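One structure is given below, encoded as structure tokens.
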Amino acid sequence: MAKDFPTRAENYSQWYNDLVIKADLAENSAVRGCMVIKPYGFAIWEKIQSILDKKFKETGHSNVYFPIFIPKSFFSKEASHVEGFAKECAVVTHYRLKKSPDGKSIVVDEDAKLEEELIIRPTSETIIWDTYRNWIKSYRDLPILYNQWANVVRWEMRTRLFLRTAEFLWQEGHTAHATKEEAIQEAETMLGVYSDFAENWMAIPVLRGVKSPGERFAGALETYAIEALMQDGKALQAGTSHFLGQNFAKAFDVKFLNRENQLDYVWATSWGVSTRLMGALVMAHSDDNGLVLPPKLAPIQVAIVPVFKNPEQLNAISKVVTPIKKALESRGVSVKYDDRDTHKPGWKFSEYEFKGVPLRITIGPRDIENNTVEIARRDTLEKEILQITDIEEKVVHLLDQIQKNMFDRALSFREQNTFTVNTWDEFVDTIENKGGFISAHWDGTAETEEKIKEATKATIRVIPLNNVKENGRCVYSGKPSEQRVIFARAY
RNA sequence: CGGGGUAUAGCGCAGUCUGGUUAGCGCACCUGGUUUGGGACCAGGGGGUCGCAGGUUCGAAUCCUGCUACCCCGACCA
């Protein structure tokens, strides 16, 4: 199914596009910029969802659901927010269709024009804060810790499967707090949830930090983010958590009586991750042979391939495989025993390799005789013959090792592709010829940030949390700087 | 949204310049047989309103106009 598949070195973006489609994760739909997520891709997304959902609930959050439509007037209430999203909104203007005069097609019924247009949500702050006004009267009503799993629409000009689509799936948490400190704590807690998920489940090391003012979310006072490094040396923002201050409370008039019996505006956060994580997963780990999935997110963790010449042999193999499969499943390992006789073993090897299945077990007549199996790791492509005794122990151990190895490999890639530079020449040379994360001094001004972006396409990805203070000179302007920040070209 | 490219069977392509039998090829698919420890082989077979809509013409995959989608490069973004 996946012959003639380009290598990463030949054409990285072609490699990514082909991989997503040929590994059956998603495909382009009939609708411009929108994707169809296929069963294998959606199975991974469902794992991401269920793990994150559990973490949200463990940190005290509940799920809610708000409408997909937002009245247009809501958008103008928070000035910087509307400015940030206005250019990419889909708008509903009518509510009825009718037959065209010639009866051959369907046209919009102009008599069915909406009094007020509805925006298809690009994010839900406005409708949520309009609603929170009714729910919050007293400090006793706080905090409000809600999340919703939803789809949103942003009318992007250039789209790419998972990385940037006009419609995407995500979760958006929206919380309200009595104090500034508590809201900041919440934003930081959720950044921690995201980075734990990225590193310990997706096996992708991330930098934690805050965005420069220029890169902040529209309407936020502080945007926290995790940034990951892809194999082509470009950065990918994998999750954001925003401290919104009292901006939305003021815009939507959400006040409460505090313990001192004084009326005050509530403090807010919002945080989200999207189906973009799927893109990160592919680009961080996969290789020229196809997907490489971390065991903790792989829909199939172990594929068992029997090698047989006739039904009798298959029967003998199945007798050995069935208890192994059961034992693995009882330990929470998802196993696919592929006993189809419609495909040859070699075909199946390639298939599971391309789909990124972490472990493959092969059992044939030789193994039945010797009481062994052949086990192949997707991450290293190594094969070994193992005694069948305690095979489930060995498999569970191997899956742990693969998970760890994938993280370690991604971490050492990031370390090898993180450069500390001190001069502008070095900066340009690194961006042009090496890529990766660049740690450099910045004078803290938006002007310099913009100039650097114009000159090199590199942006400030994060100002790391707990950054070491270090006096230096801005790599671009030469003005004094008190800390290094992380630059990169980004998706 | 600006510049460039592409659109012919599920996928990858030829044919288009120079309009003319029944639109080909490889892979995939179906049937039969031989095979099965890294993408099998032989034989036979099915599948196409040539991206969509108009136009020119006796006749259009081919010429003209408009539209749409995708890919690459810019500006915008999770």
Side-chain angles (χ1 to χ4, degrees), chain A residues 1-6 11-14 16-18 21-22 27-35 83-89 104-105 122-123 151-172 194 211 214-218 223 225-228 235-242 270-280 289-290 305-311 313-314 317 339-354 360-370 372-374 376 381 383 385 453-454 457 459 490-491:
Chain A
M1 63 167 293
K3 297 162 194 168
D4 306 322
F5 175 64
N11 187 339
Y12 191 83
S13 82
Q14 186 76 45
Y16 173 81
N17 291 336
D18 282 18
I21 291 168
K22 289 180 177 166
E27 63 186 34
N28 285 303
S29 71
V31 183
R32 178 198 173 89
C34 296
M35 63 183 161
E83 196 180 323
F85 287 104
K87 285 173 287 185
E88 50 187 34
C89 285
K104 285 181 181 163
S105 62
T123 180
N151 59 339
V152 289
V153 168
R154 297 182 187 175
W155 213 261
E156 299 290 348
M157 312 222 173
R158 276 182 71 188
T159 60
R160 282 186 82 192
L161 293 171
F162 291 122
L163 296 174
R164 185 175 302 113
T165 45
E167 178 196 19
F168 56 94
L169 306 183
W170 77 346
Q171 57 70 217
E172 47 182 328
Y194 288 155
K211 290 287 181 181
E215 294 275 329
R216 266 182 208 144
F217 175 74
T223 287
I226 52 172
E227 289 281 330
L236 188 125
Q237 181 173 305
T240 49
S241 179
H242 314 288
S270 69
W271 28 272
V273 296
S274 71
T275 35
R276 185 179 234 201
L277 289 179
M278 299 281 297
N289 299 305
V305 178
V307 179
F308 57 96
K309 289 182 164 54
N310 52 54
Q313 281 188 343
L314 178 59
I317 292 165
D339 59 355
R340 290 177 295 175
D341 63 358
T342 51
H343 294 280
K344 293 179 58 180
W347 189 92
K348 293 174 186 173
F349 297 164
S350 302
E351 172 78 4
Y352 293 115
E353 195 166 289
F354 195 76
R360 186 191 73 234
I361 294 175
T362 306
I363 304 186
R366 282 202 312 252
D367 299 295
I368 298 296
E369 223 168 278
N370 302 327
T372 59
V373 298
E374 181 195 79
L381 297 172
K383 290 191 280 200
I385 305 291
K453 187 179 177 184
E454 277 171 30
K457 293 184 215 157
T459 51
Y491 276 96

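Residue numbers start from 1 in every chain, and the chains themselves are labelled A, B, ... in the order their sequence lines are given, proteins ahead of strands. Note that the coordinates shown come from a computational prediction; the quantities given were computed from them, not determined experimentally.
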Exercise for review: Could you tell me whether the side chain of Arg160(A) reaches within less than 4.5 Å of the side chain of Tyr16(A), counting heavy atoms only?
Suggested key: yes
Review point. Does the side chain of Lys344(A) get closer than 4.0 angstrom to OP1 or OP2 of A40(B) through an N or O atom?
Key: yes
Check your understanding: Taking the six-membered ring of Phe168(A), is the NZ or CZ of Arg154(A) close enough (under 6.0 Å from the centre) and on axis enough (within 45°)?
Key -> no
Check your understanding: OP1 or OP2 of G37(B) less than 4.0 angstrom from a side-chain nitrogen or oxygen of Arg366(A), does that happen here?
Key -> no
**Study point:** Nearest-neighbour nucleotide for the Lys453(A) side chain, C77(B), G39(B), U36(B) considered
**Key:** C77(B)
Review point. To the nearest angstrom, how far is His343(A) atom NE2 from C27(B) atom P?
Key: 17 Å
Check your understanding: Looking only at atom P, what distance separates G74(B) and C13(B), rounded to whole Å?
Key -> 24 Å
Check your understanding: Rounded to whole angstroms, how far apart are CD on Glu27(A) and C1' on A69(B)?
Key -> 14 Å
Review point. How close or far is atom P of U36(B) from atom CG of Asp339(A), stated in whole angstroms?
Key: 19 Å
Check your understanding: If the C1' atom of G20(B) is compared with that of A9(B), how far apart are they to the nearest Å?
Key -> 24 Å
Check your understanding: Checking only heavy atoms, does the side chain of Lys457(A) share a donor-acceptor pair with the base of G74(B) at less than 3.5 Å?
Key -> no
Check your understanding: Nearest to the side chain of Pro345(A), which nucleotide is it out of C72(B), G37(B), C77(B)?
Key -> G37(B)
Point to revise | N/O (side chain, Asn11(A)) to phosphate O (OP1/OP2, C71(B)) under 4.0 Å | key: no
Point to revise | Complement of A40(B), any strand, by Watson-Crick or G-U distances under 3.5 angstrom | key: U34(B)
Revision key, fill the gap. Sorted by position of nearest nucleotide on RNA chain B, 5' first, the leading residue of Thr165(A) and Glu353(A) is Glu353(A)
**Study point:** Contact check, side chains of Ile363(A) and Pro306(A), non-hydrogen atoms, under 4.5 Å
**Key:** no
Point to revise | Same-atom distance (C1') from C42(B) to A61(B), integer angstrom | key: 35 Å
**Study point:** Nucleotide nearest Thr362(A) (side chain, heavy atoms from C-beta), chosen from C77(B), G38(B), G37(B)
**Key:** G37(B)
Review point. Would Val305(A) and Phe349(A) count as a side chain to side chain contact (heavy atoms under 4.5 Å, CB included) if you check the C-alpha gap in whole Å, the side-chain angles of each, and the deciding distance to 0.1 Å?
Key: CA-CA 8 Å; Val305(A) 178; Phe349(A) 297 164; 3.7 Å; yes
Practice item. Write down the partner of U57(B) under the Watson-Crick or G-U wobble criteria, each distance required to be under 3.5 Å. Key: none
Check your understanding: Phosphate oxygens OP1/OP2 of C71(B): is one of them under 4.0 Å from a side-chain N or O of Ser13(A)?
Key -> no
Exercise for review: Write down the distance separating the C1' atoms in A60(B) and G19(B), rounded off to the nearest Å.
Suggested key: 6 Å
Point to revise | Side-chain N,O (Lys22(A)) to OP1/OP2 (C11(B)) below 4.0 Å | key: no
Review point. OP1 or OP2 of C70(B) sitting under 4.0 Å from any side-chain N/O of Arg160(A)?
Key: no
Check your understanding: Is there a donor and acceptor pair, one atom on the side chain of Arg154(A) and one on the base of C77(B), closer than 3.5 Å?
Key -> no
Review point. Nearest of A69(B), C71(B), C77(B) to any side-chain atom of Arg32(A)?
Key: A69(B)
**Study point:** Length of the line joining Phe168(A):CZ and C77(B):P, which is rounded to integer Å
**Key:** 13 Å
Study note, to complete from the structure: Closest of A75(B), G38(B), G39(B) to the Glu351(A) side chain is G39(B)
Exercise for review: Could you label the plane-to-plane angle of the Phe217(A) and His242(A) rings as parallel, tilted or perpendicular, counting under 30° as parallel and over 60° as perpendicular?
Suggested key: parallel
Practice item. Could you measure between the two C1' atoms, the one in U68(B) and the one in C52(B), and give it in whole Å? Key: 7 Å
Review point. Which one, C70(B), G37(B), C1(B), comes nearest to the side chain of Arg158(A)?
Key: C1(B)
Review point. Is the number of heavy atoms from other residues, nucleotides or ligands under 6.0 Å of Trp155(A) CH2 greater than 12?
Key: no
Check your understanding: Asp18(A) has an atom CG; how far is it from atom C1' of G10(B), in whole Å?
Key -> 16 Å
Review point. Of the candidate nucleotides U36(B), C1(B), G39(B), which contains the atom at the shortest distance from the side chain of Lys309(A)?
Key: U36(B)
Exercise for review: For C41(B) versus U62(B), give the span between their C1' atoms, rounded off to a whole number of Å.
Suggested key: 39 Å
Point to revise | Nucleotide paired to C29(B) in any strand shown, Watson-Crick or G-U, under 3.5 Å | key: G45(B)
Practice item. Write down the distance between CD (Glu156(A)) and P (G74(B)), rounded to a whole number of angstrom. Key: 16 Å
Revision key, fill the gap. Nearest-nucleotide check on RNA chain B, Phe217(A) vs Ser350(A); residue mapping nearer the 5' end is Ser350(A)
Check your understanding: G55(B) and C72(B): how far apart are their C1' atoms, nearest whole angstrom?
Key -> 32 Å
Check your understanding: When you check the gap from the basic side-chain N to the acidic O, do Lys211(A) and Glu227(A) get nearer than 4.0 Å?
Key -> yes
Practice item. Rounded off to whole Å, could you give me the CD1-to-P distance for the Ile21(A) and G12(B) pair? Key: 9 Å
Practice item. For Ser350(A) and Gly346(A), indicate whether the former's side chain and the latter's backbone hold a donor-acceptor pair under 3.5 Å. Key: yes
Review point. What is the base-pairing partner of C70(B), counting Watson-Crick and G-U wobble geometry with both distances under 3.5 Å?
Key: G5(B)
**Study point:** Whole angstrom value for the distance that separates C1' of C72(B) from CD of Gln14(A)
**Key:** 10 Å
Check your understanding: G3(B) and U21(B): how far apart are their C1' atoms, nearest whole angstrom?
Key -> 43 Å
